[in-house]
2 protein chains.
Amino acid sequence: MSDSPSKSNYHHGDLRQKLLEAATETIKSQGIEALSLRKLATEVGVSRMAPYHHFKDKNELLCAIAEQGFQQRKNTVVDQSQITNEEDNQLLSYMLNYVRFAQKNPEIYELMFGRTIWKNQIDNDSLKNAAYPTFQYQLDLTKQWQANGLLDANANSLRLSQVIWGTMHGIAKLLIDGIYTDTSQIEAICMCAAEQFAIKLEQ
Amino acid sequence: MSDSPSKSNYHHGDLRQKLLEAATETIKSQGIEALSLRKLATEVGVSRMAPYHHFKDKNELLCAIAEQGFQQRKNTVVDQSQITNEEDNQLLSYMLNYVRFAQKNPEIYELMFGRTIWKNQIDNDSLKNAAYPTFQYQLDLTKQWQANGLLDANANSLRLSQVIWGTMHGIAKLLIDGIYTDTSQIEAICMCAAEQFAIKLEQ
DNA sequence: CTCTCTAAGTTGACACTGTCAAGATTGATC
DNA sequence: GATCAATCTTGACAGTGTCAACTTAGAGAG
């Protein structure tokens, strides 16, 4: 009551947001496994159980962070799509952008597309609402590229979208999980991938 | 000393193997997260710290289980390659086989190709020796298929191998991590993937 | 202005976890 | 038969997530 004049320890108002920020920071720098609710609480200057008034679970906190990730990713993707010139290899750009996002934010990516969140998460509508537009966007792009003649127009759009996503996700995972250790190959790998999917006009 | 006549509790000889088997069983049925060394020990009928004389770490135990997985997988793959007829769509068969292995053994797959093992595992040579043949085998197959005209002969073999693996791994992960929930689509997705990589002779 | 109600923050307690250290038991070897 | 190293044991510690039961304070009704 003496060291914080305007706000007493009770009801300091933006605890939920503070927790999200601090947790995101910890995860980015030390990894998901290093996140402890107790440490987090003391770090924010609050007692052990305080976070439980804002998140039912540790898992719900993680879901909320993933949700933020989806929001952030959505904006990035939209920005990127407006910059890209028509003459560029759009598919390659898209893939590179995807994999690099994963590479730059490995722990957040892990959270967004990893088992921790998605196993047994039938209930969390908020997360799903944040995530589904991302999936939908990929499908729309695929359709667009099929129409443009960049991708195989004969393929079922949903399937093709799933396969391309699978490819990007797989490459990203192999990289950030430490199986592909040479990150300098990212460009070469993505180029090879893009070439496989691209329809060659002259051949 | 009374209830086990032939073997006293000390030196019961095959503890390492017993631990591996019990741990594998638990992981398969309850998931990696559910594996506790203490529970495992009591389950096998031994005290808390006994496992530490056979595995330095919990992590080393997990590595050993993954290693077994690689051994087992190697045999399966070889069997499969001998059965496959020449006229079949070999690429599709291979992809389906891969993804279905992951689907049938999700937790073991998670271990074999997941971050738990591969992060900070520069030291574990035994694991690497078991895993690398799998990677090498994929590369060899890719080269073979390129020579056969099934895959793009112009592509760099290593890159192409990495991309195809990425695709399979990505699809597998999205399935077993609970993002692709409809497992009945596996065939359709793999077919679409195989078609993208395959060189079409008539077109 | 007071009374109440509730959202938010608190400490105590419990059942877990992995693992360090130090002691006990054993079968094999000189 | 004594020694030694491998193996198994219990004690202890520092963590973890979270249930229960409390305290506090701010907001709204009387």
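Predicted model only: the values in this text are computed from it and were never measured. Throughout, a chain's letter reflects where its sequence line sits, starting with A, and its residues are numbered from 1.
Rounded to a whole Å, the CG atom of A:Leu40 is 15 Å from the C1' atom of D:dT18. Distance, B:Phe55 CZ to C:dT19 P: 13 Å, rounded to whole Å. Distance, A:Glu33 CD to C:dG18 P: 15 Å, rounded to whole Å. In this structure, the CZ atom of A:Arg48 is 13 Å from the C1' atom of D:dG15, given to the nearest Å. For the pair A:Asp57 CG and D:dC19 P, the computed distance is 8 Å after rounding to whole Å. For A:Lys39 and D:dT18, the NZ to P distance is 16 Å, given to the nearest whole Å. Whole-Å rounding puts the A:Leu37 CG to D:dG15 C1' distance at 13 Å. Here the P atom of nucleotide C:dG18 and the NZ atom of B:Lys56 are 15 Å apart, to the nearest Å.
Comparing atom distances between the B:Arg38 side chain and each of C:dG9, D:dT18, D:dA12 picks out D:dA12 as nearest. Closest to the A:Met49 side chain, of the nucleotides D:dT16, D:dT18, C:dA21, is D:dT18. Among D:dC8, C:dT17, D:dT16, the nucleotide with an atom closest to any side-chain atom of B:Leu15 is D:dC8. Looking at the side chain of A:Tyr52, the nearest of the listed nucleotides D:dT16, D:dT10, D:dT18 is D:dT18.
A close approach under 4.0 Å does not occur between any side-chain nitrogen or oxygen of B:His53 and OP1 or OP2 of D:dA5. Side-chain nitrogen and oxygen atoms of A:Ser36 include none within less than 4.0 Å of the OP1 or OP2 phosphate oxygen of D:dG15.
Toward the 5′ end of DNA chain C lies the nearest nucleotide of A:His54, the other residue of the pair A:His54 and B:Leu35 mapping further downstream.
Between the side chains of A:Arg100 and A:Gln103, no donor N or O sits under 3.5 Å from an acceptor N or O. A donor-acceptor contact closer than 3.5 angstrom links the side chains of A:Tyr98 and A:Tyr109. Counted by atom type alone, A:Asn124 and A:Ser126 present zero donor-acceptor pairs between their side chains at under 3.5 Å. Judged by distance alone, the side chains of B:Gln144 and B:Asp140 never bring a donor and an acceptor atom under 3.5 Å apart.
The shortest heavy-atom contact between B:Ala198 and B:Leu91 is N-CD2, 4.3 Å.
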